[in-house]
Amino acid sequence: MNASKHDHRAEPVTVRFAFTPAAAYVRAARLVAADVASHAGVATGLLDEVRQAVGEACTRAILRHRDSEIDDLVRIEFSIGDRFVAKITDNARDMRAQTRDRLAPSTRRGDARPSDHDTLEEETLSEEITLIVLGGLVEDLVVTGPDSEKGTTVSMSWPLPGGAQSGEH
Amino acid sequence: MKGSSSDGTPEPELGLSLSTVGAYSVISVTGEIDMYTAPKLREAVRQLSAEGRMRVAIDLTPTEFCDSTGLGVLIGARRRLTDAGGALVVVCANPRIRKLLDLTGLDKVLDVREAVPSE
């Protein structure tokens with residue numbers, strides 16, 4: 001086992017933040033992701049993948065918040081243990097599991113979903129494409145939720161040098 | 001074409017330059033296409049079709065980054081242009097973006113080429 005050589009990783013290092021679900025902040029999230037991953041020791045060749053995947057997950061979270069007409073923050077957590085783990089959590093609960101009690105349009109922000117038909121169609125497509133991209137890009141991908149209480153969490157991980165190999169499928 | 005916010009920090013900018021190659025109006029895209037910048041590309045295609053320029057090539061070779069929102073714009077642009085009797089060509093010699101087109105299967109849906117068709 002390599003664990004004894006890497007005791008400094010015994011307690012995972014964590015970077016956690018949240019952002020208002022607006023398109024303008026997706027870039028910041030993906031740049032932070034690539035930077036934290038680089039600092040953690042993720043192979044240089046995988047950094048583009050981390051950047052793309054975190055961006056896609058954040059885009060998906062924003063689209064889900066727009067669909068549910070909520071302004072809750074999108075939450076991101078990176079942890080550095082045996083692997084580099086990124087978790088992106090939205091707060092769009094399963095609307096079918098509760099009453100369709102939506103916020104009044106007047107409470108929505110300026111970044112609200114456009115009403116243009118073509119744009120709506122493209123955004124619906126994008127939401128589907130995010131998962132296709134994530135599925136094709138990330139080897140270790142788990143999407144949990146939503147249920148009536150919580151939204152979804154996209155969990156992804158990438159290997160770190162000297163880390164446990166068990167996480168690699 | 002880099003912009004800056006009121007406090008002077010650079011903003012991510014999508015650079016679009018227009019040219020004509022043969023029958024095609026070419027939109028060459030630099031910078032990053034994501035949820036924030038994609039509307040600018042969508043609008044550029046709309047502007048061309050509003051001017052009756054229905055054969056459009058979007059050149060992603062110089063593009064630094066493209067996410068699923070950008071792919072959504074490409075699909076929407078293809079549909080609008082073909083519905084109007086035109087055509088969309090996606091020019092992409094950029095391996096990162098080619099990979100994205102391949103893994104989504106869009107390389108088979110979109111007319112993806114290494115260069116703008118000259119005829």
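A note on names: the letters A, B, ... follow the listed sequences, proteins ahead of strands, and every chain is numbered from 1. Quick caveat: nothing in here was measured; it's all calculated off a predicted structure.
Minimum interatomic distance between A/Gly136 and B/Leu103 (heavy atoms only, all atoms of both residues): CA-CD1, 4.0 Å.
Taking CD1 from A/Ile62 and OH from B/Tyr36, the interatomic distance works out to 12.0 Å, rounded to the nearest 0.5 Å. Taking CG from B/Leu74 and CD1 from A/Ile129, the interatomic distance works out to 8.5 Å, rounded to the nearest 0.5 Å. Going from atom OG1 of A/Thr59 over to atom CG of B/Asp67 covers 4.5 Å, rounded to the nearest 0.5 Å.
Salt bridge status for B/Glu32 with A/Arg30: present, with a side-chain N to carboxylate O gap under 4.0 Å. Using a cut-off of 4.0 Å between Lys/Arg side-chain N and Asp/Glu carboxylate O, A/Arg27 and B/Asp34 are scored as not salt-bridged.
A/Ile70 and A/Leu73 end up in different hydrophobic clusters when Ile, Leu, Val, Met, Phe, Trp and Tyr side chains are linked at under 4.5 Å. Following chains of ILVMFWY side-chain contacts shorter than 4.5 Å, one can reach A/Val138 starting from A/Leu160, so the two form part of one hydrophobic cluster. Both B/Ile75 and B/Val73 belong to a single network of hydrophobic side chains, linked directly or stepwise wherever heavy atoms of I, L, V, M, F, W or Y lie under 4.5 Å apart.
If you tally non-hydrogen atom pairs under 4.5 Å between each of A/Leu137, A/Ile132, A/Asp48 and chain B, the highest count goes to A/Asp48.
Take B/Asp102 and apply the side chain to side chain contact (heavy atoms under 4.5 Å, CB included) test, not counting sequence neighbours, and it matches B/Asp107.
If you measure heavy-atom distances from A/Arg60 to chain B, you find no contacts under 4.5 Å at all. If you measure heavy-atom distances from A/Gln52 to chain B, the contacts under 4.5 Å come from both the backbone and the side chain.
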